[in-house]
Amino acid sequence: SDDPNMQLPAVTQFRKLLSIERSPPIEEVIAAGVVPRFVQFLQCGDNPMLQFESAWALTNIASGTSEHTRVVIANGAVPIFVQLLMSPNDDVPIFVQL
């Protein structure tokens with residue numbers, strides 16, 4: 001959705017699905033076509049919670065099989081993660097500063 005009021009709740013729901021301990025639905029989430037959107041949300045510096053939830057969802061996807069990791073890489077997440085790690089901005093969510 002392009003509605004900012006819908007984006008955070010939607011990403012949070014996906015992240016919760018991907019956080020299921022046994023057999024998270026990674027394939028289904030990838031098939032839903034949301035990975036590019038999560039990567040896009042990583043760049044939403046004006047919405048740190050959206051960045052945080054998107055990063056969490058993407059790391060959960062990347063923690064699956066090597067193919068799942070490739071999907072995250074192919075969608076351009078790595079350079080954005082690196083950029084966030086190098087940010088001197090205090091508003092960058094703590095997860096990328098660790």
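The analysis underlying the following values was restricted to heavy atoms, covering all of them including side chains, and did not include hydrogens, waters or symmetry mates.
Residues Ala57 and Leu18 approach most closely at O-CD1, 3.7 Å, considering heavy atoms. The minimum heavy-atom distance between Asn75 and Pro36, with the atom names listed, is OD1-CG, 3.2 Å. Heavy atoms only, all atoms of each residue included: Pro48 and Gly45 are closest at CD-O, 4.1 Å. When every heavy atom of Ala62 is checked against every heavy atom of Thr69, the shortest pair comes out as O-OG1, 2.5 Å. Shortest non-hydrogen contact noted between Ala77 and Leu58 is CB-CD1, 4.4 Å.
One distance of note links CD1 of Ile80 with CZ of Phe38; it measures 13.5 Å at 0.5 Å rounding. Distance check: Gln83 CD to Leu42 CG gives 10.0 Å after rounding to the nearest 0.5 Å. Atoms CD and CG, on Gln51 and Leu8 in that order, are 11.5 Å from each other to the nearest 0.5 Å. Atoms OG and CD1, on Ser63 and Ile26 in that order, are 5.0 Å from each other to the nearest 0.5 Å. Summarising the geometry, atom CG belonging to Asn60 is positioned 13.0 Å from atom CZ belonging to Phe14; distances are rounded to the nearest 0.5 Å. Note that CD of Glu53 and NZ of Lys16 are 8.0 Å apart. Values are rounded to the nearest 0.5 Å.
Just one residue in the list Ile30, Thr59, Ile61, Val39 forms a side-chain contact (heavy atoms from CB on, under 4.5 Å) with Val72, and that residue is Ile61.
Pairs passing the side-chain hydrogen bond (donor to acceptor under 3.5 Å, both in side chains) check and including a residue from residues 22-33, sequence neighbours excluded, read Glu27-His68. Note on residues 30-50: pairs passing side-chain hydrogen bond (donor to acceptor under 3.5 Å, both in side chains), not counting sequence neighbours, are Asp2-Arg37, Arg37-Gln40.
Cluster annotation: Leu17 and Val34 are assigned to distinct hydrophobic clusters (Ile/Leu/Val/Met/Phe/Trp/Tyr, side-chain heavy-atom contacts under 4.5 Å, transitive). Linking Ile, Leu, Val, Met, Phe, Trp and Tyr whenever their side-chain heavy atoms come within less than 4.5 Å leaves Ile20 and Trp56 in two separate clusters.
Applying the salt bridge (charged side-chain N to carboxylate O under 4.0 Å, His left out) rule to Glu67 yields the partners Arg70; only residues at least two apart in sequence or on another chain are considered.
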